[in-house]
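The analysis underlying the following values was restricted to heavy atoms, covering all of them including side chains, and did not include hydrogens, waters or symmetry mates.
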Amino acid sequence: MSSSKPSQGSKRAGYVLHVLTASGAAAGLVALQAVFNGEWRQALLWLIVCQVLDGLDGPIARKIDVTIHAPRIDGHILDLVVDYLTCVVVPVALLASLELLPSRFEIWVAGAIFITSALWFARIDQETDDHWFNGFPAAWNLVVPSFLILDASPEMVMVISILLCALQLTNIKIPHLVRVVWMR
């Protein structure tokens with residue numbers, strides 16, 4: 001019969017996984033620096049790195065049961081902190097730097113995105129038991145590149161952004177693209 005106390009190796013693995021999650025913040029910082037430097041492609045590539053890191057850490061954490069093996073750090077809170085940076089702050093900086101919004105409304109729309117996203121990240125009911133999100137899940141890291149790909153007008157970007165901000169405050173169900181069973 002195995003002991004319920006985690007081994008040193010499993011503890012190390014748990015904390016290494018937390019460092020992997022936290023490294024998404026460093027990748028987000030590099031993406032933000034690329035935005036400030038006007039290196040849009042580099043910023044987008046670093047956002048992809050952030051997405052890959054975010055996609056890897058959750059399944060691994062569940063597989064090794066990181067809450068038992070590295071209990072001093074709350075992986076869920078850590079993930080939310082990193083996600084706010086990489087899914088909200090960096091994309092909104094990119095949105096502003098590329099002047100994708102009408103200039104006279106830019107600060108208001110960006111502010112609305114920051115506020116509604118912070119509220120969404122603080123929700124205790126972000127996700128349903130069957131892994132659907134309640135409201136738009138603040139995935140601005142997917143929305144802003146989509147604006148670029150679609151060559152959306154500043155007015156369209158503003159309207160869609162405001163609608164998504166409002167959706168963050170609802171209970172409309174949005175699927176988690178990886179965890180909703182029928183979408184795997």
> Taking the side chain from Ser97 and the backbone from Leu94, do they hold a donor-acceptor pair closer than 3.5 Å?
Replying inline: no
> Has the side chain of Asn37 got a donor or acceptor atom that lies under 3.5 Å from a matching backbone atom of Glu39?
Replying inline: no
> According to a 4.5 Å side-chain heavy-atom criterion applied to Ile, Leu, Val, Met, Phe, Trp and Tyr, with indirect links allowed, do Phe136 and Leu169 form part of one hydrophobic cluster?
Replying inline: no
> Looking at Asn171 and Asp125, what are the two nearest heavy atoms and their distance?
Replying inline: OD1-OD2, 3.6 Å
> So, Thr170 side chain and Ala166 main chain: donor-acceptor pair closer than 3.5 Å or not?
Replying inline: no
>> So which atom in Leu53 and which in Ser23 form the shortest heavy-atom distance, rounded to 0.1 Å?
In response: CD1-OG, 3.7 Å
>> Test of understanding: with ring pair (Phe, Tyr, Trp, His ring centres under 6.0 Å), list the residues that count as partners of Trp46, not counting sequence neighbours.
In response: none
>> Show me the pairs that pass ring-ring contact (aromatic ring centres under 6.0 Å, His included) and involve residues 96-121, at least two apart or across chains.
In response: Tyr84-Phe121, Trp120-Phe133
> So which of Gln168, Lys173, Glu127 actually passes side-chain hydrogen bond (donor to acceptor under 3.5 Å, both in side chains) with Asn134?
Replying inline: Lys173
>> Quick check: is Leu119 connected to Ile162 through a chain of hydrophobic side chains (ILVMFWY, heavy atoms under 4.5 Å apart)?
In response: no
>> Give me the atom names and distance for the closest heavy-atom approach of Leu44 to Pro145.
In response: CD2-CG, 3.8 Å
> What closest approach, in Å, do Cys50 and Gly24 show between heavy atoms, and which atom pair accounts for it?
Replying inline: SG-O, 3.8 Å
>> Tell me the closest heavy-atom pair linking Ala25 and Val82, and the distance in Å.
In response: N-CG1, 3.6 Å
